[in-house]
Amino acid sequence: MPKQIHISQAIAATFVVLTVSAIAGLVTMIIMYQSELSTMNPTPPPTIPSTTTAPPPVMRLPKNLIPESYEVVLWPHLYTQITEVINVTSPNQTMLFTGNSTVNFHCVQRTSTIYLHSMDLNVSDAKVKDRDKNLNIAVTSMYYHEDQSDFLVVELNSALMAEGNYSLFLSFNGEISEALDGLYVSSYMEGDPDEERFLAATNIEPTLARRVFPCFDEPEMKAVFYVTIIHRQHTVALGNADIYSTNSHDGWEYTRFNPTPRMSTYLFAFTVSEFKNSVASAHERVKIKTFARPEAIKAKHVDYAANITGKILTFYEKLFGIDYTQQKLDQIALPDLNPAAMENWGLITYQEGGLLYEEGVSSFLHKEVIATLIAHELAHQWFGNLVTMKWWNEIWLNEGFATYMSYFAVDHVEWWNPFLLSNTFVLSDLHTAFEEDALASSHPLNPPPQDIQTTFEIIEMFDPITYSKVRESNESGEECTSSLMTTGMAGNTESNLWDYIQKAVTEDGGHTEVAKVMDTWTNQIGYPVITINTTNGEIYQKRFLFNDTSESRFVLNLWWEVPIRVMSNTTGTQLAWLRTPGPGWILANVNCTGYYRVNYNPENWDALLTQLETNPHRIPLMNRGQLVDDAFNLARAKLLNVALALNSTRFLRSEKAYLPWESAVRNLKYFVLMFDRTEVYGPMQAYLREQVRELYGFFKNYTEHSQVPEDHSLQHNQIIAIEVACSNGLPECVMMVQQMFAHWMNNTNIIHPNLRSVIYCQAVAYGGKAEWEFAWKKYQSSSDISEKEQLRKALSCTKTIWLLNRYLEYTLDPEKIRLMDVASTINYISENVAGQALAWNFVRGHWEYVSQGDAAMVIEGVTSRFSTQFELEELERFATDYALGSATRAVYRAIEQTQVNIEWVGENKDVILEWFERQLSS
């Protein structure tokens with residue numbers, strides 16, 4: 001039985017759903033920073049036996065040894081240019097790297113065994129030294145532990161004593177990876193004529209520093225790094241810190257870096273390349289350099305990123321009240337990188353598409369992508385780098401806050417309409433988290449640390465829950481952040497996550513028990529649906545699940561502290577529930593500040609939908625989108641009639657705003673995936689053609705003259721108008737894309753950069769072999785990253801089966817499709833109804849190669865249409881027969897989602913077909 005909500009004005013007034021988390025995190029960050037400055041031994045007393053003779057019972061290092069600093073020498077033997085080819089298949093390239101490291105550590109409890117991490121390294125020449133007595137300690141044996149721990153075990157003939165200071169020297173060598181992990185090789189074309197160039201870079205979050213050098217590879221075990229990189233002359237080495245000295249010897253350059261701040265091993269980074277840099281002067285104290293291929297620097301493709309970085313950095317410094325801790329900040333655009341970017345302290349790495357912008361070719365809207373990505377990574381210089389979670393179960397403290405803060409930063413420093421980004425946040429982050437969190441296979445924002453042990457379990461934490469569940473529920477969040485930060489800095493240096501926010505709430509006259517409230521959001525799985533009955537004033541909550549029956553296998557009777565902000569058609573907005581129902585409608589979760597869904601009695605739903613069709617502007621813009629989203633998802637969960645959800649799209653015929661259209665298109669995508677292989681699809685397309693006709697006409701003059709509106713939200717909606725119109729066969733749209741693409745094939749490209757992605761895709765979809773091969777040729781020859789990405793997506797849009805099959809085969813050849821793009825390319829093909837079955841078979845046939853990339857993304861894509869018992873059985877066999885690795889959680893989510901789809905389609909197909917047919921007949 002669902003529990004009734006008890007709401008007080010105090011709770012509603014003081015509660016901030018997960019902004020409290022963000023604010024408390026900011027406060028805690030300052031306090032922890034002050035604490036870290038005052039102590040070199042923050043680790044709590046260990047509980048392991050006095051002498052360690054066996055590995056710990058879990059996949060964690062013992063806490064008896066605390067690293068203080070590393071002296072690391074790394075020597076990648078890679079050539080950046082191939083100057084002599086011995087034969088066609090074996091050029092004189094080498095993938096070897098060698099090095100040595102000395103880790104200086106403090107012993108807090110007696111032991112005769114040293115545990116640290118090492119993976120795929122040949123380690124030798126171990127030397128242990130008592131630094132206090134300047135004496136060597138003999139090593140009796142050294143071996144790898146045979147489990148998933150990656151422990152390197154060093155046995156000693158005498159014990160290390162508590163409170164003693166020691167060092168461990170190791171020599172090692174390994175292979176530079178071609179799979180974009182650890183220390184890896186990347187390549188690009190440069191020069192006239194083009195020649196292949198190579199570079200070395202690192203990608204080690206979360207647990208791959210151990211593949212570069214032996215280390216205590218856990219985030220809590222911070223240390224200072226003294227790094228020397230040996231690299232070929234005429235190349236440039238970059239590292240976390242600024243360069244201290246360089247000297248040359250026998251064709252090699254020795255670059256020694258200044259010591260880093262105390263930092264976690266996952267932030268360690270370096271690159272060796274022939275890249276050039278652009279210097280931005282937007283910061284008075286920090287020297288900011290942006291590195292890229294020489295041709296990109298010369299063409300000024302980094303200028304936009306270089307100019308905005310200093311502004312964002314300054315904004316954060318003022319907001320947090322703490323200066324960026326180093327004198328330099330390098331960022332580099334890499335041809336190959338598995339994540340979109342990585343926040344390494346002082347050396348932020350990006351995929352080229354996340355940093356390069358070409359005027360006249362890149363979409364105007366691509367500036368949003370670049371600015372938001374830079375803001376996210378710069379936020380990490382405080383959230384994560386300066387103050388770090390103790391273990392990976394708390395990665396949301398890094399990623400959630402960085403995502404959250406990035407929108408403040410971009411809104412502050414850019415000239416676009418700030419309303420766009422804050423609302424895009426609701427759409428892209430809130431709704432992404434909503435969908436993931438509506439499955440029983442979701443996880444709490446802050447799961448118990450014992451549940452996150454292996455590398456695969458750690459990697460699975462980097463998901464939409466971690467990145468997108470942090471929500472802002474306070475309209476003055478930025479000001480509140482600054483105020484509470486000041487309060488936190490004035491407090492003592494012992495940090496407890498909720499104590500400081502509790503102090504601020506109490507001083508402000510509030511009575512909310514912050515820890516009690518926040519535990520319901522951070523430690524519990526899922527989120528609630530609030531059911532409001534406007535006829536009697538009752539309000540209930542229960543966990544929202546797509547498949548309610550699956551809850552019995554997990555935790556029952558979850559309950560959340562929920563803020564309710566409501567408005568009516570007569571009284572406006574207020575914080576408390578209207579105990580005396582009035583005439584008209586009630587709207588809850590005004591401006592979507594709460595992380596919950598809302599359901600109403602049928603009478604209130606009908607009144608709200610009538611309002612949307614008669615005068616939609618009475619309802620706030622964000623709620624026009626959220627009403628659609630809630631209605632469709634409640635219908636998917638069988639809490640609302642599916643016909644009512646479809647009724648929520650009727651008002652779109654005269655709607656011009658982006659948010660409602662985006663919400664409807666995203667939700668109708670589920671209907672497309674479930675029914676584009678059935679008789680429902682024809683009437684659905686006919687309905688959508690009519691709904692989008694007026695919107696397409698609104699933008700028609702812009703589109704046909706290759707122009708876009710000035711307003712960014714309208715620019716987004718112009719793309720939606722073209723996509724919906726063409727994909728559903730609106731004749732004037734189909735003719736437009738064919739004519740524009742044909743003009744490019746025969747002459748020049750007149751398509752506006754904003755519109756290229758959607759027009760390329762639709763033209764290829766309505767074209768044949770000639771259009772596809774023209775797009776493929778352009779993809780191969782283009783040097784613009786934005787253009788290549790648009791073409792790579794467009795190539796997946798063809799309806800010709802053999803072309804799609806050939807494209808899938810291309811993903812196995814890194815000369816055609818880079819490894820970092822394999823997962824997204826397969827997903828693009830999976831989105832195409834003609835390619836979904838091909839992609840599923842391809843993934844199973846080439847899983848070992850495909851899973852090197854984002855395996856979870858691949859599984860989500862290729863299974864998105866699964867809605868039959870046969871497909872479910874195939875997926876269950878896949879889960880049994882294949883090594884799932886980091887895709888384990890994704891596979892079991894897909895199984896659960898397929899079960900939900902089967903049941904939902906069986907119950908709703910006839911109703912949905914009848915609804916679309918009725919709309920057409922009326």
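No hydrogens, no waters, no symmetry mates; every other heavy atom, side chains included, goes into these values. This is a predicted model, so every value here is computed, not measured.
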From CA spacing to verdict: side-chain hydrogen bond (donor to acceptor under 3.5 Å, both in side chains), Glu679, Tyr681: CA-CA 5 Å; Glu679 68 272 26; Tyr681 194 51; over 6 Å; no
Residues, nucleotides or ligands: over 12 heavy atoms within 6.0 Å of Glu436 CD: yes
Donor-acceptor contact present, side-chain Asp463 to main-chain Ile465, <3.5 Å: yes
ring-ring contact (aromatic ring centres under 6.0 Å, His included) assessment of Tyr702 paired with His752: CA-CA 10 Å; Tyr702 286 109; His752 191 281; over 10 Å; no
Residue pair Thr649, Trp661: steps toward the side chain to side chain contact (heavy atoms under 4.5 Å, CB included) verdict: CA-CA 9 Å; Thr649 67; Trp661 267 103; over 6 Å; no
Within 6.0 angstrom of Lys793 NZ, more than 12 heavy atoms from elsewhere: yes
Side-chain (His412) to main-chain (Ile312) donor-acceptor, under 3.5 angstrom: no
Side-chain H-bond candidate by donor/acceptor type, Gln715 with Asn754, under 3.5 Å: yes
Full working for salt bridge (Lys or Arg N to Asp or Glu O under 4.0 Å) between Arg756 and Glu789: CA-CA 11 Å; Arg756 288 180 181 179; Glu789 177 61 27; over 6 Å; no
Close side-chain approach of Ile532 and Ile530, heavy atoms under 4.5 Å: yes
Any donor-acceptor N or O pair under 3.5 Å, side chains Asn647, Trp915: yes
pair Gln762-Ser727: side-chain heavy atoms closer than 4.5 Å: yes
Modelled atom types, side-chain donor and acceptor of Asn591 and Thr593, under 3.5 Å: no
CD (Glu914) with more than 12 external heavy atoms under 6.0 Å: no
Derivation of the side-chain hydrogen bond (donor to acceptor under 3.5 Å, both in side chains) call for Asn633 and Asn667: CA-CA 8 Å; Asn633 282 277; Asn667 280 286; 3.2 Å; yes
Output field: ring centroids His712/Tyr658 closer than 6.0 Å: no
Distance flag, aromatic centroids of Phe434 and Tyr527, threshold under 6.0 Å: yes
Trp904 ring center within less than 6.0 Å of Tyr670 ring center: yes
Side-chain heavy-atom pair Pro528, Phe544 within 4.5 angstrom cut-off: no
Min side-chain heavy-atom separation Val529-Val598 under 4.5 Å: no
CG on Leu430 to CG on Asp629, rounded to 0.5 Å: 7.5 Å
Pair Val628-Leu652, side chain to side chain contact (heavy atoms under 4.5 Å, CB included): steps then yes or no: CA-CA 10 Å; Val628 174; Leu652 294 173; 5.7 Å; no
Tyr467 ring center near Trp396 ring center (under 6.0 Å): no
Test side-chain hydrogen bond (donor to acceptor under 3.5 Å, both in side chains) applied to Gln919 and Arg650, step by step: CA-CA 10 Å; Gln919 303 309 305; Arg650 291 164 60 105; 2.8 Å; yes
Arg666 and Glu662 ion-paired at < 4.0 Å: yes
Sub-6.0 Å ring centroid separation between Tyr404 and Phe408: yes
Worked check of side-chain hydrogen bond (donor to acceptor under 3.5 Å, both in side chains) between Thr535 and Asn533: CA-CA 6 Å; Thr535 62; Asn533 189 327; 2.4 Å; yes
Salt-bridge present (Lys656, Glu694; N to O < 4.0 Å): yes
Residues Arg624 and Glu655 bridged, charged N to O under 4.0 Å: yes
Quiz item: cation-pi between Lys367 and Tyr357, 6.0 Å / 45°: yes
Evaluation steps, salt bridge (Lys or Arg N to Asp or Glu O under 4.0 Å), between Arg636 and Glu435: CA-CA 11 Å; Arg636 284 178 65 178; Glu435 181 145 354; 3.5 Å; yes
